[in-house]
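To start, the structure itself, in structure tokens.
Bear in mind that the values here come from a model prediction, so they are computed numbers and not experimental data. We name chains A, B, ... by the order of the sequence lines, and we start the count at 1 in each one.
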Amino acid sequence: MNFEQSGQARPSCKRKNKEIETVEAQKQDLAAALAKELPLDEETVFGLIIPCKLPEHGDLSFPCFTLAKSMRKNPALIARELAEKFTDHPVGTVTAAGPYLNVKLDESNIAAKTLTDIFDSEQYGSSDKGEGQTIVIDYSSPNIAKPFGIGHLRSTVIGRAIKNLFEYQGYKVIGINHLGDWGTQFGLMIAAWKRWSDEYDENKDPVDQFYKFYVKINALTREDKSVKEEARGYFRKLEEGDEEATKLWHFFRDTSLEEFEKIYKLLGVQFEYKQGEAFYNDKMEPILKKICDKGLAEESEGALIVDLDKRDTNLGKVLLKKGDGATLYATRDLTAAYYRAETFKPAKILYVVGMPQKQHFHQFFKVIELMGEEWASGLNYVGFGHYVGMSTRGGTLVFLREVLDRTSAMAKEIAQGLKSREQIELTDEEVNTVAQAVGIGAVIFFDLKSRRAKDLEFDFDRLLNLKGDTGPYVQWTYARCCGILRKNDREITADVDFSLITGDEARALLKMLLRFPAQAQKALDQYEPSLIASYLLDLSRAANSFIHVNNVIKSEDGLRNARALLIHCTRKVLGQGLKILGIEALEKM
RNA sequence: GCCCCUAUAGUACAACGGAUAGUACAAAGGAUUCCUAAUCCUUAGAUCUGGGUUCGAUUCCCGGUGGGGGUACCA
């Protein structure tokens with residue numbers, strides 16, 4: 001494999017950026033070489049090349065079945081003939097295995113290219129392809145005066161990871177926490193507060209108490225119809241800017257937000273904007289007028305709707321205004337979308353919201369599309385499944401604290417074990433830091449490790465199990481690499497003898513490292529942080545296997561430097577992956 | 001009723017239409033002269049069902065069954 005060639009321009013398949021090249025470049029070279037011998041163009045050949053599943057097959061593979069048809073020849077024969085043409089070819093060792101043409105790339109070249117790339121780059125696999133483009137991402141979005149649910153936790157964690165993935169490719173990303181801070185329920189909240197405010201205890205969880213008020217007043221409306229009227233009156237006052245009502249609204253909002261902030265702090269999440277629904281309150285009328293002017297809206301049963309069923313869709317009807325003239329969810333989301341499109345001029349607007357709301361989003365996307373807005377194509381719904389088998393009693397903060405309590409105990413126990421084996425010593429403060437990072441890491445990783453659209457089974461024991469497919473395993477691998485580099489205590493340099501990096505474990509590890517840029521891109525394309533999570537597990541396994549059989553500090557100079565470089569690069573990629581997911585990487589644990 | 005999603009070892013999850021369906025937990029066995037054993041190495045175990053497309057289907061299409069969600073005045 002001639003790596004120098006990879007920088008050359010290829011007319012048929014253009015490269016997006018330098019970093020992605022590493023793995024793709026080799027495929028490109030192979031495709032170019034094969035295309036010369038075959039009645040297919042380079043792009044077609046490129047699309048057919050697959051990575052080998054088994055290491056003994058090599059690195060890249062070209063199945064000859066499609067050719068068998070057009071060439072009217074046995075695919076195994078085609079493979080054999082091709083292999084003969086590629087003896088001593090710079091792409092690598094080419095062999096025929098049945099109907100497959102396998103290519104084994106030169107090992108020390110892979111090592112040299114990959115490790116030098118990682119060593120030299122600030123952020124391996126990042127790029128500036130998104131430069132000049134803005135992405136708006138709407139995530140987390142809890143409701144004021146209601147518990148921060150586990151669904152909001154998912155939205156927060158998934159949204160943040162997707163945000164990081166975009167930033168990794170140079171996009172400017174605006175994260176918006178679209179708070180549920182408006183609507184008739186605030187009338188109810190004020191009515192409740194009027195009745196029971198003296199029951200409110202500042203020392204207890206405020207959101208929990210608000211929610212109890214809310215449930216209680218709701219029950220009351222069923223007994224006494226006048227309460228609903230009263231609440232509606234309060235909400236009207238709020239809309240009119242009445243001083244007392246506004247003050248209470250601020251109180252509910254600020255107090256709830258303060259509580260939510262504790263969760264965000266634990267997770268390490270920050271938003272560019274916290275523009276809730278209230279923010280769009282005075283912006284809805286012009287949008288409604290626009291939709292009416294376009295002739296999309298109609299009156300039905302006293303309400304204002306857009307009937308999408310009439311427009312070749314099966315999306316149902318979108319309610320813009322209730323019979324009493326009040327606006328709804330869809331109205332506010334439409335308004336928010338217009339506001340964001342006009343204010344930020346984004347390439348895309350993403351909504352990270354649970355699957356049950358899929359139809360709602362597709363409905364109002366469709367309305368915008370029917371309005372003829374060209375930015376409609378940039379609207380993306382990023383749904384996720386919910387946890388099953390989880391009790392949401394106590395809310396998310398209580399849940400997180402329970403996780404932290406338990407990991408804290410485990411961390412202490414493990415630290416004690418490490419100390420007694422004289423392996424590593426941690427101060428009490430360090431143990432606490434580790435416990436917190438591991439607990440939060442476990443929660444985040446659990447959430448991100450499977451594909452977002454699927455429901456996932458919640459299991460406390462599985463989450464807290466520090467073995468196996470978990471965030472702590474990845475964190476631990478990172479810390480282990482740090483430990484080795486600490487003890488190595490030499491300056492890392494990319495000027496090493498790459499031919500010394502040999503063996504199955506080293507080769508597997510290198511191939512994993514090589515995959516990272518393409519994987520980061522794929523995760524971004526699919527809005528799928530789980531691809532990073534599963535990659536980190538694969539990388540960690542490869543790293544631990546390597547470390548197990550390849551000692552660094554007991555090796556002779558040249559070998560020691562080469563292995564240290566490999567560990568250094570592994571540590572770097574692990575750290576970058578963890579950072580994308582929003583999980584803290586620890587030097588010691 | 002209609003619409004959408006989903007079905008893989010005992011369990012939880014993977015698998016651009018490609019070779020022997022991966023990984024983890026749990027189970028059985030092994031490694032502690034180990035730079036962090038929160039580790040590593042073995043073993044055993046799975047594609048809901050019936051058709052179709054294809055050289056090739058867990059993957060794509062159609063039917064069935066099971067599970068989840070949505071189906072206008074909540075968000």
Side-chain angles (χ1 to χ4, degrees), chain A residues 47-48 50-54 57 61 63-66 68-69 75 97-100 102 141 143 146 180 182-185 277 300-307 314-324 326 328-330 332-333 353-360 362-363 383 385-386 388 410-411 413-414 417-418 421 423-424 438 446 449-451 453-459 461-462 465-470 472-473 475-477 479-488 505 522 530-531 534 537-538 540-541 544-555 560 563-564 567 588-589:
Chain A
L48 288 169
I50 51 168
C52 292
K53 276 189 182 167
L54 299 172
H57 287 149
S61 189
C64 300
F65 302 104
T66 21
K69 207 171 195 179
Y100 292 89
N102 291 332
S141 312
N143 298 315
K146 287 189 186 165
W182 204 250
T184 39
Q185 72 267 29
E277 299 188 286
S300 168
E301 296 172 35
L304 187 68
I305 68 158
V306 177
D307 190 344
N314 53 12
L315 288 167
K317 297 172 172 68
V318 184
L319 209 48
L320 298 177
K321 258 188 178 179
K322 299 204 281 189
D324 65 2
L328 288 120
Y329 191 32
R332 289 190 278 268
D333 268 334
V353 186
M355 277 310 210
Q357 293 180 57
K358 184 175 178 175
Q359 183 171 330
H360 159 75
H362 285 151
Q363 279 181 337
H386 60 271
V388 293
M410 286 190 275
E413 204 177 306
I414 290 168
L418 289 170
R421 275 180 273 132
Q423 279 173 330
I424 196 162
V438 165
F446 187 83
K449 82 173 171 188
S450 43
R451 297 196 81 101
K454 288 173 78 170
D455 287 349
L456 66 146
E457 188 102 359
F458 180 80
D459 185 339
D461 293 332
R462 205 182 282 276
N465 192 341
L466 304 182
K467 293 194 275 184
D469 284 350
T470 66
Y473 175 66
Q475 286 173 308
W476 181 83
T477 309
R480 198 179 183 192
C481 291
C482 290
I484 291 170
L485 295 169
R486 215 169 25 241
K487 293 211 170 139
N488 181 49
E505 289 81 8
K522 195 172 164 191
S530 70
L531 294 180
S534 54
L537 288 172
D538 287 340
S540 296
R541 274 191 287 272
N544 282 314
S545 296
F546 172 80
I547 290 168
H548 197 71
V549 291
N550 297 282
N551 198 300
V552 176
I553 65 173
K554 285 183 184 166
S555 309
R560 174 166 169 169
R563 286 178 176 173
I567 297 292
K588 290 182 189 176
M589 65 183 275

Is A:S534 close enough to B:C13 that one of its side-chain N or O atoms is under 4.0 Å from OP1 or OP2 there? no
Which part of the nucleic acid does A:N551 contact within heavy-atom distance under 4.0 Å: base, sugar-phosphate only, or nothing? base
What integer number of Å spans the C1' atoms of B:A12 and B:A72? 38 Å
To the nearest Å, give me how far apart CE (A:M589) and P (B:A37) are. 12 Å
Using whole Å, report how far CG of A:L466 lies from C1' of B:U39. 13 Å
Think A:Q423 has a side-chain N or O under 4.0 angstrom from the OP1 or OP2 of B:A37? yes
Would you mind classifying the nucleic acid contact of A:G316 as base, sugar-phosphate or nothing, using non-hydrogen atoms under 4.0 angstrom? nothing
Please report the distance, rounded to the nearest Å, between NZ in A:K317 and C1' in B:C3. 13 Å
Closest approach to the side chain of A:K53, judged atom by atom: which nucleotide of B:A15, B:C35, B:C13 is it? B:A15
Among B:C40, B:C55, B:C13, the one nearest A:T66 by side-chain distance: B:C55
Classify A:Q475 by what it touches in the nucleic acid, base, sugar-phosphate, or nothing, heavy-atom distance under 4.0 Å. nothing
Base, sugar-phosphate or nothing for A:N550? Non-hydrogen atoms, less than 4.0 Å. base
From B:G70, B:U36, B:A75, pick the nucleotide closest to the side chain of A:N143? B:A75
Can you confirm if the aromatic rings of A:H57 and A:Y100 lie within a centre distance of less than 6.0 Å? no
If we only count heavy atoms from C-beta on, is the A:I567 to A:N488 side-chain gap below 4.5 Å? no
Applying a 4.0 Å non-hydrogen cut-off, can you work out what A:S450 is touching in the nucleic acid: base, sugar-phosphate, or nothing? sugar-phosphate
Between B:A14 and B:U23 - P atom distance, rounded Å: 16 Å
Let's test this: given Watson-Crick or G-U wobble pairing with both distances under 3.5 Å, identify the partner of B:G22. B:C13
Charged N to carboxylate O under 4.0 angstrom, A:D469 versus A:R462? no
If you compare every side-chain N and O of A:R332 against the phosphate oxygens of B:A75 (OP1, OP2), does one of them come in below 4.0 Å? yes
Look at the side chain of A:C52 and decide which nucleotide, out of B:A38, B:A75, B:A19, has an atom nearest to it. B:A19
Taking only side-chain nitrogens and oxygens of A:K467, does any of them come within less than 4.0 Å of OP1 or OP2 of B:A26? yes
So, does A:R451 get its side chain near the phosphate of B:A15, meaning an N or O under 4.0 Å from OP1 or OP2? yes
Using modelled atom types and a 3.5 Å cut-off, is there a donor and acceptor pairing between side-chain atoms of A:D455 and backbone atoms of A:H386? yes
With centres under 5.5 Å and planes under 30° as the test, does A:H57 stack with B:A19? yes
Please state whether the phosphate of B:G56, meaning OP1 or OP2, lies under 4.0 angstrom from any side-chain nitrogen or oxygen of A:Y100. no
Of the nucleotides B:C16, B:C35, B:A24, which has the atom closest to the A:I50 side chain? B:C16
For the backbone of A:S530 and the side chain of A:R451, can you confirm whether one donor and one acceptor N or O come within less than 3.5 Å of each other? no
What's A:I567 touching, base or sugar-phosphate or nothing? Going by heavy atoms closer than 4.0 Å. nothing
Nearest listed nucleotide, side chain of A:R462, among B:U23, B:U36, B:A12: B:A12
Looking for any heavy atom pair under 4.0 Å, which part of the strands does A:L54 touch: base, sugar-phosphate only, or nothing? base
Separation between the C1' atoms of B:G10 and B:A26, rounded to whole Å: 8 Å
Watson-Crick/G-U partner (both atom distances under 3.5 Å) of B:A7: B:U65
Between the base of B:G56 and the ring of A:F65 - centre-to-centre under 5.5 Å, planes within under 30° - is that a stack? no
If each of A:H548 and A:N314 is mapped to the nucleotide of RNA chain B with the nearest heavy atom, which maps nearer the 5' terminus, i.e. the 5' end? A:N314
Here the distance between atom C1' of B:A24 and atom CG of A:L537, to the nearest Å, is 8 Å
Of A:K321 and A:K69, the one whose closest RNA chain B nucleotide lies more 5': A:K69
Nearest to the side chain of A:L319 - B:G68, B:A37, B:A72? B:A72
Applying the side chain to side chain contact (heavy atoms under 4.5 Å, CB included) test to A:M589, which of A:V438, A:I424, A:L418, A:I414 qualifies? A:V438
If you define the side chain from C-beta out and look only at heavy atoms, does anything of A:N102 sit under 4.5 Å from A:C52? yes
What does A:A303 touch in the nucleic acid at a heavy-atom separation under 4.0 angstrom: a base, only the sugar-phosphate, or nothing? base
How far does the C1' atom of B:A9 sit from the matching atom of B:C5, given to the nearest Å? 24 Å
Between B:C35 atom C1' and A:K554 atom NZ, what is the distance in whole Å? 8 Å
B:U36 P sits how many Å from A:N544 CG, rounded? 12 Å
Starting at atom CZ of A:R480, determine the distance to atom P of B:U39, rounded to an integer number of angstrom. 9 Å
Nearest whole angstrom, please: distance from the P of B:C41 to the CZ of A:R541. 10 Å
Please classify the nucleic acid contact of A:K454 as base, sugar-phosphate, or nothing, using heavy-atom distances under 4.0 Å. sugar-phosphate
Kindly indicate whether the side chain of A:S300 and the base of B:A72 share any N or O donor-acceptor pair separated by less than 3.5 Å? yes
Over 12 foreign heavy atoms within 6.0 Å of CD, A:Q423: yes
Would you indicate, yes or no, if B:U36 has its OP1 or OP2 atom less than 4.0 angstrom from a side-chain nitrogen or oxygen of A:K487? yes
Reckon A:M410 touches a base, only the sugar-phosphate, or nothing at all at heavy-atom distances under 4.0 Å? nothing
Considering only heavy side-chain atoms of A:L418, the closest of B:U36, B:A72, B:G68 is B:U36
Would you classify A:I424 as touching base, sugar-phosphate or nothing, given that sugar-phosphate means primed atoms plus P, OP1 and OP2, and contacts are heavy atoms under 4.0 Å? base
Would you say B:A38 has OP1 or OP2 under 4.0 Å from some side-chain N or O of A:R421? yes
P spacing across the pair B:U58 / B:U53, given as an integer number of angstrom: 16 Å
Please state whether the base of B:A19 and the side chain of A:S61 form at least one donor-acceptor pair under 3.5 Å? yes
Measure distances between side-chain N and O atoms of A:E301 and base N and O atoms of B:A72, and say whether any donor-acceptor pair falls under 3.5 Å. yes
Answer yes or no: side-chain N or O of A:N102 and base N or O of B:A19 forming a donor-acceptor pair under 3.5 Å. yes
Output the single nucleotide from B:U39, B:A72, B:G18 whose closest atom is nearest the side chain of A:P63. B:G18
State, with a plain yes or no, whether a side-chain heavy atom of A:K358 is found less than 4.5 Å away from one of A:V353. no
